[in-house]
Number of protein chains: 2
Amino acid sequence: MASSKSPFCLLARRLGSAAPLPVAAERAILGLPLIIRTIEASRDILYEGGPSDHCCVILDGWTCCYQLLTDGRRQILLFHVPGDLPDLQGLHLPSPDFGMATVTRSIVAFVPHSDLRTLSDRYPTIAQAFWREAIVTAATHRAWIVSLGRRDARQKLAHLICELYLRLEAVGLTDGRSMPMPLRQTDFADALGLTSVHVNRTLRSLRSQGIVDLYGRRSTILDWEALRAVADFNPKYLHLTD
Amino acid sequence: MASSKSPFCLLARRLGSAAPLPVAAERAILGLPLIIRTIEASRDILYEGGPSDHCCVILDGWTCCYQLLTDGRRQILLFHVPGDLPDLQGLHLPSPDFGMATVTRSIVAFVPHSDLRTLSDRYPTIAQAFWREAIVTAATHRAWIVSLGRRDARQKLAHLICELYLRLEAVGLTDGRSMPMPLRQTDFADALGLTSVHVNRTLRSLRSQGIVDLYGRRSTILDWEALRAVADFNPKYLHLTD
DNA sequence: CGCAAACTTGATGGCCGTCAAGCAAAGTGG
DNA sequence: CCACTTTGCTTGACGGCCATCAAGTTTGCG
């Protein structure tokens, strides 16, 4: 049942990735009232402090969570790729404490909070899956705190590329050693606490050493072991099962 | 009932801080098998990757969560003060992805995971309170990501001091405009991604401008509005009710 | 084809790290 | 009670990583 490519099955597979869902829960997911929208690149999906009564599922494309400082600078908090559930925490909060925006043109499914709440009340396995999502998000936040606090530009960039590669691989979106890479250099900069000028120079340095190459909206990892070593990367925090 | 100073009542008050607990839930909390320990300063409580079958409640003193890089440098992820529940996420994970250590000598209560699980299964208000704790932790992580990524040393320091002051105030541990400040300059450094040398200079700068003074294990906020402005601080992420 | 957005590269400077030394405070043992 | 050690704080000199400013160049799109 979870073999088709429908949005429902993407969601069911994700929620059942750690512990298999009972058939009844899977059927309940298939009955969710999804509202599916295609959203252009660089559009806001969710506003900090705004109302929210739906959660969303990324079906296609990349999005990010961010916060703005009062002087207008931006800090990206997390990227989301297909399969991710970026704002599950909204189930427990009146309004989000961050903004969410598309990076690329994206296809997003919206699900009413009320339906997700009944789902998680009725099926403990699903409540458990929601906890798991929250825990992975928090662990990723912690990994970013370490990067931002204690790594230099090369290490930060390497670490982010490792993370994105493994997350994309987990949903089958890598191809050999390469992956789609829609992030602009300013996106890297806003995620890593750098300027786009310095991201540019750092990428050049990684390329010149034959570690990773970004070309034509794709990124190819030429030497995974070197990249891992530069980043001091440990994938455990992503809690990927395979 | 929640007026006495017992560990049970501290816990009951914390879990009921957003939504009042039913009397039965409060009674169940009073029946939890707490193991209370006093732990010296700078001792590990929890090891990254180690086993864990208890959650803890900070009854007195300060602790922190941290991660170590392979070269031995440390990044602090979060501080905990009395009333905090630092490792609730352990309920959903076999082993923690961070270490926890005392900052000062601390009194800590340990509660078996199994008891907390039955508590949260039986009382939805408590399950809700656990979610709330997780959400505040994640929101604090995000605030730190923004600080680490986009603020300079003065702003970072000001932001952390604002956070700690409000959290201590919420549990009645401030005194006028001052609070206990057991953090060493190396602790500030490890939390803010700086060196202790630079923390020293930055503290001096904040003091010379009459904004905040650290003296004798206490910190006095001389000009809250200036401190808030330097930090661009918005307390919303702490979700303090009063 | 023309405009806008993104990328690239150079020059310059500042924030903060590193190294080093001295000082202060607190605990320890004789 | 006082050398002695340890830990933390303070200050100076110097240098490097990265920000800033300022062009160009390339890419993408209508």
Side-chain angles (χ1 to χ4, degrees), chain A residues 40-43 62 64 69 71-76 101-105 147-160 180-208 212-219 230, chain B residues 40-43 62 64 69 71-76 101-105 147-160 180-208 212-219 230:
Chain A
E40 293 305 306
S42 302
R43 295 283 199 286
W62 291 32
C64 69
L69 305 199
D71 64 8
R73 287 182 305 165
R74 181 175 73 149
Q75 174 66 45
I76 290 177
T102 54
V103 173
T104 65
R105 172 195 292 223
S147 257
L148 288 167
R150 287 300 185 205
R151 288 194 246 262
D152 69 19
R154 273 170 59 83
Q155 297 171 323
K156 286 178 188 176
L157 205 37
H159 198 277
L160 179 54
M181 180 44 70
L183 299 182
R184 295 164 302 172
Q185 295 182 355
T186 62
D187 296 323
F188 277 112
D190 287 346
L192 301 176
L194 301 168
T195 59
S196 62
V197 173
H198 200 65
V199 167
N200 184 291
R201 296 192 223 276
T202 309
L203 282 173
R204 164 184 266 287
S205 142
L206 287 176
R207 179 176 347 125
S208 77
V212 59
D213 196 10
L214 271 72
Y215 187 72
R217 308 286 92 178
R218 288 193 73 80
S219 155
V230 167
Chain B
E40 293 305 307
S42 303
R43 294 282 199 285
W62 291 31
C64 69
L69 305 199
D71 64 8
R73 287 181 304 165
R74 180 175 75 148
Q75 174 66 45
I76 290 177
T102 54
V103 173
T104 65
R105 171 196 292 224
S147 258
L148 289 167
R150 287 298 184 207
R151 289 194 246 261
D152 68 20
R154 273 170 57 84
Q155 297 171 323
K156 286 178 189 178
L157 205 37
H159 199 277
L160 179 54
M181 180 44 70
L183 300 181
R184 296 164 302 173
Q185 295 181 355
T186 62
D187 296 323
F188 277 113
D190 287 347
L192 302 176
L194 301 168
T195 59
S196 62
V197 173
H198 199 66
V199 167
N200 185 291
R201 296 192 223 275
T202 309
L203 282 174
R204 163 184 267 287
S205 144
L206 287 176
R207 178 175 348 124
S208 77
V212 58
D213 196 9
L214 272 72
Y215 188 72
R217 307 285 92 178
R218 289 194 72 81
S219 156
V230 167

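Keep in mind that this is a model prediction, so the values were computed, not measured. The basis for the numbers below is simple: all heavy atoms, side chains too, and nothing from hydrogens, waters or symmetry mates. Labels below follow one simple rule: chain letters A, B, ... track the order of the sequence lines, proteins then strands, and each chain is numbered from 1.
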What closest approach, in Å, do [X] and [Y] show between heavy atoms, and which atom pair accounts for it?
X	Y	answer
B/Gln75	B/Asp190	NE2-O, 3.1 Å
B/Arg73	A/Arg150	NH2-O, 2.7 Å
B/Pro182	B/Val103	O-CG1, 4.2 Å

### Task
Could you list the residues that satisfy side-chain contact (heavy atoms from CB on, under 4.5 Å) with A/Ala191, not counting sequence neighbours?
A/Ile76, A/Phe79, A/Trp144, A/Leu160
### Message
For nucleotides 19-29 of chain D, give me one character per nucleotide, 5' to 3': B if any protein heavy atom sits under 4.0 Å from the base, S if the only such contacts are to the sugar-phosphate, - if neither.
### Response
SBB--------
### Query
Nearest nucleotide by nearest heavy atom, which residue falls closer to the 5' end of DNA chain D, B/Arg184 or A/Arg151?
B/Arg184
Over how many whole Å does the gap from [X] atom [atom1] to [N] atom [atom2] extend?
X	N	atom1	atom2	result
A/Phe188	C/dA6	CZ	P	14 Å
B/Leu148	C/dC16	CG	C1'	15 Å
A/Leu206	C/dT8	CG	P	13 Å
B/Glu40	C/dG27	CD	C1'	13 Å

### Task
Ignoring backbone atoms, establish whether B/Arg204 has a side-chain N or O less than 4.0 Å from OP1 or OP2 of D/dT11.
yes
### Query
Is any side-chain N or O of B/Gln185 closer than 4.0 Å to OP1 or OP2 of D/dT10?
yes
### Selected nucleotide, minimal atom distance to B/Asn200 side chain, candidates C/dC7, C/dC16, D/dC9
D/dC9
### Message
Between A/Arg207 and B/Asp152, which residue's closest nucleotide on DNA chain C lies nearer the 5′ terminus?
### Response
A/Arg207
#### Entry: B/Thr195 (side chain) donor-acceptor with B/His198 (main chain) under 3.5 angstrom
yes
### Task
Please round to the nearest 0.5 Å and tell me the distance separating atom CG of B/Asn200 and atom OG of B/Ser205.
11.5 Å
